[in-house]
Amino acid sequence: MIARDLMTSQPFAIAASASVEEAAELMRKHDVGMIPVVRDTKTRALEGVITDRDIAIAVGTRNKIASDVPVKEVMSTTLYTASPEDDIHTALKLMRKEKVHRLAVVSKDGVLKGILSLNDVALQAM
């Protein structure tokens, strides 16, 4: 089985120029804890990710309101990714090694294609 078989295809993403408030609202609306951050929503070139933890720390420590903080200031740029063709076991080993619950799935040219989560794998195993 490969990443493409289990990933969430074409996930929503947010532009790096958007506000943390917009990111938090997307997370609430879609009930997720991480959003891929892209250069722009047309090309979907992956630049980072923002998590609910990133938002909590940013808002709690900057003495600013969320609408005044751009995503690009708080997003994580250390990316752990998989290719759509990667074997699922390879992806799981990377998740375990890096202690992450989700991987962005990107094409060879860095375009966001999906998100692979531990939940996706667990649901397949049932």
Side-chain angles (χ1 to χ4, degrees):
M1 190 168 298
I2 60 175
R4 176 185 325 238
D5 297 333
L6 299 178
M7 72 182 190
T8 299
S9 297
Q10 295 300 318
F12 61 91
I14 194 162
S17 59
S19 72
V20 165
E21 178 183 44
E22 292 171 273
E25 178 56 27
L26 272 176
M27 286 182 189
R28 184 200 63 76
K29 180 179 176 182
H30 296 283
D31 192 27
V32 297
M34 186 272 286
I35 300 175
V37 180
V38 293
R39 186 171 306 125
D40 63 72
T41 54
K42 289 183 184 178
T43 64
R44 296 177 61 86
L46 186 65
E47 291 196 342
V49 297
I50 187 165
T51 65
D52 47 4
R53 184 175 188 277
D54 294 331
I55 292 172
I57 291 170
V59 172
T61 62
R62 292 176 184 243
N63 200 25
K64 292 182 180 179
I65 60 173
S67 60
D68 292 341
V69 180
V71 166
K72 64 184 166 203
E73 285 186 14
V74 300
M75 69 183 189
S76 301
T77 56
T78 301
L79 298 172
Y80 303 108
T81 64
S83 154
E85 293 77 29
D86 281 351
D87 180 81
I88 198 67
H89 295 99
T90 301
L92 286 170
K93 285 178 186 175
L94 178 60
M95 286 181 188
R96 182 177 56 222
K97 178 182 176 217
E98 300 302 339
K99 299 178 182 157
V100 296
H101 298 132
R102 302 167 198 92
L103 296 176
V105 181
V106 296
S107 63
K108 290 179 183 176
D109 55 353
V111 174
L112 178 66
K113 296 296 183 184
I115 298 292
L116 179 66
S117 72
L118 286 177
N119 191 49
D120 296 329
V121 176
L123 289 174
Q124 178 65 29
M126 297 181 94

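Residues: numbered from 1 along the sequence shown.
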Would you say Thr8 and Ser117 make side-chain contact, with heavy atoms under 4.5 Å?
no
CG-CG distance between Leu92 and Asp86, expressed to the nearest 0.5 angstrom
11.0 Å
So Met95 and Leu116, side-chain contact (heavy atoms from CB on, under 4.5 Å) or not? Walk me through it.
CA-CA 10 Å; Met95 286 181 188; Leu116 179 66; 4.0 Å; yes
Partner set under side chain to side chain donor-acceptor pair (under 3.5 Å) for Arg96, not counting sequence neighbours
none
Nearest heavy-atom contact between Pro84 and Val105 is N-CG1, 3.5 Å
Partner residues of Arg53 under the side chain to side chain donor-acceptor pair (under 3.5 Å) criterion, sequence neighbours left out
none
Once you round to the nearest 0.5 Å, how far does CD of Gln124 lie from CG of Asp5?
8.0 Å
Who are the side chain to side chain contact (heavy atoms under 4.5 Å, CB included) partners of Thr90, not counting sequence neighbours?
Asp87
Within residues 98-118 or reaching into it, pairs that qualify as ring pair (Phe, Tyr, Trp, His ring centres under 6.0 Å) - sequence neighbours excluded:
none
Using 0.5 Å steps for rounding, measure from the CG atom of Leu94 to the NE2 atom of His89.
14.5 Å
Sequence neighbours left out, what passes side chain to side chain contact (heavy atoms under 4.5 Å, CB included) with Ala13? Give chain and number order.
Pro36, Val38, Arg44, Leu112
Results of side chain to side chain contact (heavy atoms under 4.5 Å, CB included) for Ser19 - residues two or more places apart only
Glu21, Glu22
Output for pair (Ile115 CD1, Asp120 CG), nearest 0.5 Å, gives 9.5 Å
How far does CG of Leu6 sit from CE of Met1, to the nearest 0.5 angstrom?
5.5 Å
Run the side chain to side chain donor-acceptor pair (under 3.5 Å) test against Arg4 and tell me which residues pass, sequence neighbours left out.
Glu85
Taking Met34 as the starting point, is it possible to reach Leu118 by hopping between hydrophobic residues whose side chains are less than 4.5 Å apart?
no
Pairs flagged by side chain to side chain donor-acceptor pair (under 3.5 Å) wherever residues 33-42 is involved - sequence neighbours left out:
Arg39-Glu47, Asp40-Thr43
Remaining members of hydrophobic cluster (4.5 Å side-chain criterion), Ile55:
Phe12, Ile14, Val20, Leu26, Met27, Val32, Ile35, Val37, Ile50, Val59, Val69, Val71, Val74, Met75
To the nearest 0.5 Å, what is the distance between CZ (Arg102) and OG1 (Thr51)?
8.0 Å
State which residues pass side chain to side chain donor-acceptor pair (under 3.5 Å) with Ser107; sequence neighbours excluded, sorted by chain then number.
Asp109
Could you list all the side chain to side chain donor-acceptor pair (under 3.5 Å) pairs where at least one residue sits in residues 60-73, not counting sequence neighbours?
Arg62-Glu73
Can you give me the closest heavy-atom contact between Pro11 and Gly114, atom names plus distance?
CD-CA, 3.5 Å
State which residues pass side chain to side chain contact (heavy atoms under 4.5 Å, CB included) with Thr81; sequence neighbours excluded, sorted by chain then number.
Leu46, Leu79, Ala104, Val106
